[in-house]
Amino acid sequence: MAQSDFYTNIFDVVRLIPKGRATSYGAIAKYLGAAKSSRVVGWAMNQSHTLEDKIPAHRVVNRLGMLSGKMHFATPDSMQERLESEGLVVKKDVIQDWNTIFWDPNLELDY
DNA sequence: CTCTTGACTGGTT
DNA sequence: GAACCAGCCAAGA
């Protein structure tokens with residue numbers, strides 16, 4: 001692979017996020033066995049826009065359900081727009097009912 | 001090669 | 001409860 005396996009795994013998990021749900025950087029990192037490398041997950045998202053295969057990075061937010069990376073999208077509003085179009089409720093850059101929307105790969109997926 | 005920064009998180013103060 | 005600090009890892013200057 002061009003990128004390290006860690007990066008590939010990150011993108012793979014993000015693509016598996018069901019529509020109408022979202023997860024956090026830490027959850028992905030933890031799923032990959034690197035709970036303390038959440039920053040790298042964020043960095044991977046930053047790289048995602050350079051990839052040929054675009055990934056639903058808008059479904060990945062910080063642990064508070066806040067759209068921390070919205071400013072890195074083409075337009076800051078595109079992230080919220082996408083989430084809302086998928087049935088999520090976003091208010092003030094924060095996903096409402098985050099506890100319900102949260103999709104934990106550690107619970108939903110299995111190696 | 002060294003230093004800084006960052007789409008994070010958890011623990012302290 | 002907001003603010004600050006430390007750890008972790010990759011990329012850019």
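Naming convention: chains lettered A, B, ... in sequence-line order (proteins, then strands); numbering from 1 in each chain.
Across the protein-nucleic acid pair, A:K36 atom NZ and B:dG10 atom P stand 10 Å apart, rounded to whole Å. Nucleotide C:dC8 holds its P atom 18 Å from the CG atom of A:L32, rounded to whole Å. One can place NZ of A:K30 at 16 Å from C1' of C:dC8, the figure rounded to the nearest angstrom. Summarising the geometry, the separation between CG on A:L64 and C1' on B:dC8 is reported as 10 Å, rounded to the nearest angstrom. Regarding A:Q80, its CD atom lies at a distance of 16 Å from the C1' atom of B:dA7, rounded to whole Å. A:W43 places its CH2 atom 16 Å from the P atom of B:dT9, with the value rounded to the nearest Å. In this entry the distance linking OH of A:Y25 with P of B:dG10 reads 14 Å, nearest Å. Between the CG atom of A:N9 and the C1' atom of C:dA10 there is a distance of 16 Å, given to the nearest Å.
Residue A:R63 has a polar side-chain atom (N or O) positioned under 4.0 Å from OP1 or OP2 of B:dG10.
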- [ ] Quick one: do A:R21 and A:E86 satisfy salt bridge (charged side-chain N to carboxylate O under 4.0 Å, His left out)? Show the steps, please.
- [x] CA-CA 8 Å; A:R21 306 269 196 160; A:E86 294 183 356; over 6 Å; no
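Listed nucleotides: C:dC9, B:dA7, C:dA10. Nearest to the side chain of A:M45: B:dA7. Checked against C:dC8, C:dA10, B:dA7, the side chain of A:N46 finds its nearest nucleotide in B:dA7. Distances from the side chain of A:S24 to the nucleotides B:dA7, C:dC8, B:dT9 place B:dT9 closest.
A:E81 and A:H58 are not linked by any side-chain donor-acceptor pair at a separation below 3.5 angstrom, with hydrogens and angles left out of the test.
Distance alone, capped at 3.5 Å, is enough to place a donor-acceptor pair between the A:W98 side chain and the A:R63 backbone. For A:S24 (side chain) and A:A27 (main-chain N/O), a donor-acceptor pair under 3.5 Å exists by modelled atom type.
With hydrogens and angles ignored, a donor-acceptor pair closer than 3.5 Å exists between the side chain of A:S38 and the base of B:dC8.
Among the heavy atoms of the strands lying under 4.0 Å from A:S48 is at least one base atom, whether or not backbone atoms are also near. Residue-level contact check: A:N62 touches the backbone only, with heavy atoms under 4.0 Å from sugar-phosphate atoms and none from bases.
Test A:I55, A:I17, A:L67, A:V13 against A:V60 for side chain to side chain contact (heavy atoms under 4.5 Å, CB included) and you get one pass: A:I17.
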